[in-house]
Amino acid sequence: RDRKLRTKKGGESLLAEINTLFNNLMNIGLGVGVAVAAFFVMWGAFLYMSAGGSPHQMERGKAAIANALAGLAIVLLARVIAGMIQSAMG
């Protein structure tokens with residue numbers, strides 16, 4: 001079984017191809033996560049700025065910004081953990 005994974009296919013081993021695919025998928029996921037977080041930070045800022053003194057609207061804006069930053073932290077942490085696991089596996 002291990003021999004099949006290490007067989008050369010087009011000049012690159014299957015393990016290297018899987019590793020490259022994993023890297024590409026993680027980079028795409030990171031890009032999507034950052035874009036979504038940026039959108040929600042802007043949405044929260046819009047809510048906050050257009051509140052017109054309404055405390056409820058200002059809280060909604062602040063909550064949206066805080067949630068977007070928490071989501072961004074989770075996405076970045078997931079990428080770091082996945083990279084550590086990937087490097088540990090070789």
Side-chain angles (χ1 to χ4, degrees):
R1 180 176 174 189
D2 191 38
R3 189 173 294 196
K4 281 184 182 178
L5 290 177
R6 297 194 186 279
T7 303
K8 295 288 184 183
K9 179 183 176 187
E12 190 174 7
S13 71
L14 187 57
L15 284 176
E17 289 179 14
I18 292 172
N19 195 22
T20 302
L21 175 65
F22 182 74
N23 275 335
N24 290 341
L25 290 175
M26 287 303 298
N27 289 335
I28 290 170
L30 181 66
V32 169
V34 168
V36 169
F39 171 77
F40 279 106
V41 165
M42 289 185 286
W43 177 252
F46 172 76
L47 289 177
Y48 188 82
M49 291 188 318
S50 65
S54 169
H56 175 68
Q57 192 76 358
M58 290 172 69
E59 286 301 317
R60 284 184 59 203
K62 285 194 285 188
I65 292 170
N67 290 337
L69 294 177
L72 180 62
I74 290 171
V75 167
L76 293 175
L77 188 61
R79 179 64 176 113
V80 168
I81 291 171
M84 288 175 17
I85 291 172
Q86 188 178 15
S87 67
M89 292 181 73

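Bear in mind the structure is a predicted one, so any value in this text is a computation, not a measurement. When reading the values below, keep in mind they use all heavy atoms of this one structure, side chains included, and skip hydrogens, waters and symmetry mates.
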Checklist line | Atom pair CG (L72) and CG (N67), whose distance is rounded to the nearest 0.5 Å | finding: 12.5 Å
Item checked: Spacing of I74 atom CD1 and L69 atom CG [to the nearest 0.5 Å] -> 11.5 Å
Next item on the list: Kindly work out whether a path of hydrophobic side-chain contacts (I/L/V/M/F/W/Y, heavy atoms less than 4.5 Å apart) joins I85 to L77.
Entry: yes
Checklist line | Shared hydrophobic cluster for F22 and L25 (ILVMFWY, side-chain gaps under 4.5 Å) | finding: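 No, separate clusters.
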Margin query: Could you check whether any side-chain heavy atom of M26 comes within less than 4.5 Å of a side-chain heavy atom of N23, counting everything from C-beta outward?
Written below: no
Next item on the list: Side-chain contact test, heavy atoms from C-beta onward, threshold under 4.5 Å: evaluate it for L47 versus K62 and give yes or no.
Entry: no
Minimum heavy-atom distance [X]-[Y], with the two atoms named:
| X | Y | value |
| --- | --- | --- |
| L30 | L76 | CD1-CD2, 3.5 Å |
| G44 | A64 | CA-CB, 3.7 Å |
| M58 | A51 | CG-CB, 3.4 Å |

Next item on the list: Would you please test F46 and W43 for ring pair (Phe, Tyr, Trp, His ring centres under 6.0 Å) and show each step?
Entry: CA-CA 5 Å; F46 172 76; W43 177 252; 5.8 Å; yes
Notebook entry, point to check: If you draw a 6.0 Å radius around CZ in R60, do more than 12 non-hydrogen atoms from other residues or ligands fall strictly inside?
Noted result: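 Count not over threshold, so no.
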